[in-house]
Amino acid sequence: MTEPKGLGDGAVVMTGARLVQLEVPDLDGALRAKLVSAEKAQSPAGAAMCTIMFGLTQADDVFESPASSAENGYPDLVMRPDPGTARPLPWAEGTAAVLCDLFEPGGAPYPLAPRTVLRTVTDRCAGLGYQARFAAEWELCITRRDEAGEPVPLGRTMNAYSSLRLGELRPLAQAFFERMAAVGIGVEAVHTELGHGMVEFALAHAPALEAADQAVRAKAYLKELCGELGLVATFMPKWRTGAPTSGCHFHQSLWRDGTNAFAAPDGTLSPLARQYLAGQLATLADFGVLFNPSVNAFRRLRPGTWTPATASWGTDNRTAAIRAITGPAQGVRLEHRRPGADVNPYLAIAAMLAGGLHGITQRLEPPAPAVGDAAADARFGPLPATLAGAIAALRDSPVAPDLLGGEFVRHYLLTREVELRLWQEWEAEQVTEWEHRRYFETS
């Protein structure tokens with residue numbers, strides 16, 4: 001990808017700004033940020049970020065953990081900008097943005113930070129002699145507020161790949177393309193999906209960490225753009241009853257010396273790709289809560305909706321969890337279709353890559369591919385159907401601590417247990433419309 005004009009040395013980018021937006025991905029895949037002076041952004045001492053960031057839910061409910069508690073006093077971590085990610089933001093005059101890594105006061109990379117988790121796995125991949133490349137495809141719904149303040153999907157029609165709907169979407173899409181190009185993010189395509197307001201955008205493939213950086217920024221910057229236009233972009237997997245659902249698919253391959261190591265000479269999957277695929281299938285249930293991290297994420301996973309329910313794969317088969325795409329050597333890859341649109345791209349890519357490398361080091365071999373509906377193929381085991389089941393699968397995993405780090409796995413389990421508990425406490429207090437209709441007069 002050609003570097004956009006205006007990008008360059010990160011220190012120069014930050015020095016030329018009046019304000020620098022320090023960005024840190026949180027465990028839920030959002031960007032937490034603060035604005036600092038250009039001088040502060042480049043201070044050798046770094047900037048401070050309280051560990052409470054790792055004691056907050058997506059809705060900022062506070063919980064305590066070994067990382068962040070009254071007992072340890074909620075200490076600070078050190079934010080250090082990654083200069084290679086510094087970008088001027090043309091839509092925010094005088095402002096640049098830079099992604100930061102988190103460190104403990106003694107200088108060690110912070111093991112709970114999503115960028116740290118992914119860096120650790122990509123370093124393992126490099127140690128085997130490969131570069132992992134990923135590309136995210138985000139699905140979402142674009143809405144506006146009606147006079148009562150309720151969200152209403154954008155547009156009059158609901159057709160997928162609709163040229164008519166593109167006319168309604170074009171001003172937003174053009175602005176999005178321009179903004180992403182300005183910050184060095186390659187958007188390959190935007191098209192309408194099934195359902196009112198439903199949209200998909202696909203990003204260009206890039207090295208794993210860069211791909212995650214681009215995915216999290218594209219999501220955050222699109223939400224910001226929509227806010228400026230009086231719109232709301234929701235990546236909630238199922239945003240209302242009866243609505244279509246949103247996922248995030250990840251295309252991936254391993255490369256060596258500029259060559260796609262997933263491609264066999266005949267354009268099919270290479271032996272390496274088959275081992276990688278087998279490792280992903282073997283760990284799909286273990287890592288499921290990383291791909292589907294919320295109660296709502298499991299509302300998306302329903303039969304007959306192109307959302308995979310089993311640890312399955314197939315060649316150009318969208319009913320399977322992993323779709324193998326074969327053909328010209330440069331394009332041979334795997335598409336992981338399990339994650340919902342509320343996924344954290346750093347943790348999803350780390351889990352996918354860690355599972356694939358596990359398959360390579362253990363020399364695993366996948367079963368024969370599914371033909372037809374993968375969900376109907378009894379050879380492939382079911383994946384967890386609830387958040388509780390996904391939490392249990394990660395807790396019982398014999399490989400997750402080694403592949404992603406024991407401290408991270410323990411903390412992430414705690415965050416999902418808090419999320420589940422908060423849902424269960426709310427649900428226990430509710431009287432549903434179904435109950436009211438059924439029992440109010442007959443009881």
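Please read these numbers as outputs of a predicted model, since none were measured by experiment.
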Checklist entry - With a cut-off of under 6.0 Å to the ring centre and 45° to the axis, is Arg416 in cation-pi contact with Tyr412? => result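 Flagged: Arg416 positioned over aromatic ring of Tyr412.
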Item to check | Quiz item: cation-pi between Arg179 and Tyr221, 6.0 Å / 45° | outcome: no
Quick test of your reading of the model: are [X] and [Y] salt-bridged, counting only N-O distances below 4.0 Å?
X      : Y      : answer
Lys238 : Asp342 : no
Arg395 : Glu417 : yes
Asp316 : Arg333 : no
Glu23  : Arg217 : yes
Arg437 : Glu433 : yes

Item to check | Residue pair Thr259, Asp257: steps toward the side chain to side chain donor-acceptor pair (under 3.5 Å) verdict | outcome: CA-CA 6 Å; Thr259 300; Asp257 299 329; over 6 Å; no
Next on the checklist: I need the full list of ring pair (Phe, Tyr, Trp, His ring centres under 6.0 Å) pairs touching residues 274-305, with sequence neighbours left out, sorted by first then second residue.
Outcome noted: Phe262-Tyr276, Phe291-His336
Item to check | side chain to side chain donor-acceptor pair (under 3.5 Å) evaluation trace for Gln280 with Gln275 | outcome: CA-CA 9 Å; Gln280 289 202 335; Gln275 291 175 349; over 6 Å; no
Checklist entry - How about Arg379: does its CZ atom have over 12 heavy atoms from other parts shown lying under 6.0 Å from it? => result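 Yes.
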Checklist entry - Yes or no on side chain to side chain contact (heavy atoms under 4.5 Å, CB included) for Val295 and Trp426, after CA distance, side-chain angles and deciding distance? => result CA-CA 12 Å; Val295 171; Trp426 178 89; over 6 Å; no
Checklist entry - With distance as the sole criterion, is a donor-acceptor pair present between the side chains of Ser294 and Asn296 under 3.5 Å? => result no
Checklist entry - Going by distance alone, is a donor N or O of one side chain under 3.5 Å from an acceptor N or O of the other, for Asp213 and Thr85? => result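 No donor-acceptor contact under 3.5 Å links the two side chains.
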Next on the checklist: Ring centres under 6.0 Å, that's the criterion: do Trp255 and Tyr130 meet it?
Outcome noted: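 Here the rings of Tyr130 and Trp255 have centres that are no less than 6.0 Å from each other.
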Checklist entry - If only atom types and distance count, is the side chain of Asn72 paired as donor or acceptor with the main-chain N or O of Ala67 below 3.5 Å? => result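 Pair found, side chain donor or acceptor close to backbone of Ala67.
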Item to check | Asp61 and Val418: CA distance, side-chain angles, deciding distance, side chain to side chain contact (heavy atoms under 4.5 Å, CB included) verdict | outcome: CA-CA 9 Å; Asp61 310 280; Val418 169; 5.7 Å; no
Item to check | Contacts of type ring pair (Phe, Tyr, Trp, His ring centres under 6.0 Å), residue His251, not counting sequence neighbours | outcome: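 Here no residue qualifies.
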